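Below: the structure, in structure tokens.
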Amino acid sequence: MMAVTIGYGAGHRSTLGRSSLLLAGVLSHRRRCSIASRASVLTHESEGIVRDIEEGRRPKPDGVIVLGGGLWRSTESPWGEIPPWALRRLDGAADVYRRSEADTIMICGGGSPHGLPMIHPKTGQVVHEGTAYAEYLIGQQHVPARDVLKEVSSYDTVGNGYFSAMIHAIPCGWRNAAVVTSEFHMPRSKAIFQKVYALVEASLGVSVSLSFITVRDDGLFTENSDALEVRRQKEKKSIEVWEKNTSHMTTLKEFHAWMHATHVCYSCSRQDEFGIEDTSLKGTY
């Protein structure tokens, strides 16, 4: 499975914006389901969850949260290349958005400490994951721009959980959300989101019920058959570290203090360590 290079000129963006508004005006959320013709990328269990939402056995999500998965530098497009596992997450999120009639897709991701950022060749500005992913959802999945939110403050899964709540879920008044990510990434993502959103409820009295929607891993790492297993082992160890660091926490204040004092992506005292690449994980970020 190949990465996707995103390349939209200014004229195309303008046309896309008008088309998206027209589409949003004449189609209901239910009828927009017919736009997606791709085979499902969801796991069997997640297909069941989405069917339950469609048929009213689970509440409709206010928002679908798709977790970032990296962005590769590209000389062919100012928006970079979306890695195949991230592309699959975006396709899965668009599918859930349509079928569940969710109001919004929220994209998480500013970047990653595991590689160099994409720099837009014309503006000289950093292209954040969230920006490139929004380009894909709007341009390729035909999700109206008004239904797409992004946060570009997070640089890992811990940040995805924290900033998704602080920047969008709480201000938007969400009560139900669906979190979309890859099979190899879901166990740690679930642990992080459940903890963060439990602390939000305990500290702020805001309750957001989470569903977890998994997209398949099969066929993603055909060029490096060992990469997926290496990443799975890394994820397993990271869950153990996460639970050790956070299991005792009962307030959002405690979590905020830990995150910004000790985490390599967010602590000023460790900012010189940011961007040091782990070569054993090359090809999975």
Side-chain angles (χ1 to χ4, degrees), residues 4-42 46 49-50 53-54 58-69 71 77-80 82 86-110 120 127-154 160 163-165 167-181 208 210-211 213 215:
V4 165
T5 302
I6 309 173
Y8 309 135
H12 181 92
R13 178 190 292 277
S14 176
T15 302
L16 175 63
R18 291 194 295 271
S19 299
S20 295
L21 289 174
L22 287 170
L23 184 66
V26 299
L27 296 179
S28 69
H29 277 290
R30 177 64 69 183
R31 289 177 61 201
R32 284 208 308 272
C33 295
S34 64
I35 297 172
S37 59
R38 302 169 186 261
S40 176
V41 297
L42 307 183
S46 291
I49 293 172
V50 176
I53 295 172
E54 288 180 292
R58 287 175 178 259
K60 162 192 160 181
D62 299 302
V64 178
I65 305 172
V66 57
L67 305 194
L71 184 67
S77 165
W79 303 108
I82 300 177
L87 177 66
R88 190 169 288 184
R89 295 177 195 179
L90 292 167
D91 289 341
D95 184 30
V96 175
Y97 157 81
R98 294 191 180 97
R99 292 168 59 188
S100 70
E101 301 186 359
D103 298 326
T104 304
I105 298 180
M106 183 211 302
I107 306 164
C108 292
H120 195 287
V127 178
H128 296 106
E129 288 178 16
T131 301
Y133 293 5
E135 286 286 327
Y136 177 79
L137 287 175
I138 296 165
Q140 300 298 313
Q141 282 288 354
H142 309 293
V143 178
R146 67 181 185 182
D147 288 354
V148 180
L149 295 171
K150 65 181 179 181
E151 67 80 10
V152 296
S153 296
S154 63
N160 291 167
F163 291 112
S164 69
I167 294 177
H168 291 306
I170 295 172
C172 288
W174 289 0
R175 292 298 174 262
N176 295 283
V179 180
V180 178
T181 195
V208 182
L210 300 174
S211 298
I213 308 295
V215 299

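Computed from a prediction, not measured in an experiment: that's the story for all the values here. The figures that follow rest on heavy atoms only: side chains count, while hydrogens, waters and symmetry mates do not.
One distance of note links NE2 of H168 with OG1 of T104; it measures 9.5 Å at 0.5 Å rounding. The distance from the CG atom of L67 to the CG atom of N160 is 5.0 Å, given to the nearest 0.5 Å. Here K150 contributes atom NZ and E129 contributes atom CD; the two are 12.0 Å apart, rounded to the nearest 0.5 Å. Separation of atoms CH2 (W79) and OG1 (T131) is listed at 6.5 Å; rounding is to 0.5 Å. Going from atom CD1 of I65 over to atom CD of E151 covers 9.5 Å, rounded to the nearest 0.5 Å. For the atom pair CD1 (I105) and CG (L149), the distance works out to 10.0 Å, reported to the nearest 0.5 Å.
By the 4.5 Å heavy-atom criterion applied to side chains, I53 and P61 are counted as neighbours. The shortest distance between side-chain heavy atoms of S164 and M106 falls below 4.5 Å. Two residues are said to be in side-chain contact when any heavy atoms from C-beta on lie closer than 4.5 Å; V66 and T181 fail this criterion. In this structure, I170 and V208 have side chains that are not in contact, with every pair of non-hydrogen atoms separated by 4.5 Å or more. Between I213 and V50 there is a side-chain heavy-atom pair separated by less than 4.5 Å. The side-chain heavy atoms of V41 and D95, taken from C-beta on, include no pair separated by under 4.5 Å.
Summarising the geometry of I138 relative to A145, their closest heavy-atom pair is CD1-CB, 3.7 Å, with the distance given to 0.1 Å. Shown here for A86 and Y133, the closest heavy-atom pair between the two residues is CB-OH, 3.4 Å. Minimum interatomic distance between L42 and S46 (heavy atoms only, all atoms of both residues): CB-CB, 4.2 Å. For P59 against N176, the heavy-atom pair with the smallest separation is CG-OD1, 3.4 Å. Contact detail for V180 and R89: the closest heavy-atom pair is CG1-O, 3.7 Å. The minimum heavy-atom distance between S154 and G109, with the atom names listed, is OG-N, 3.4 Å.
Residues K60 and E101 are not paired through a salt bridge, judged by the lack of any N-O separation under 4.0 Å between the basic side chain and the carboxylate.
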Step-by-step side-chain contact (heavy atoms from CB on, under 4.5 Å) determination, S211 to R58: CA-CA 9 Å; S211 298; R58 287 175 178 259; 3.9 Å; yes

Derivation of the side-chain contact (heavy atoms from CB on, under 4.5 Å) call for V148 and I107: CA-CA 8 Å; V148 180; I107 306 164; 3.7 Å; yes

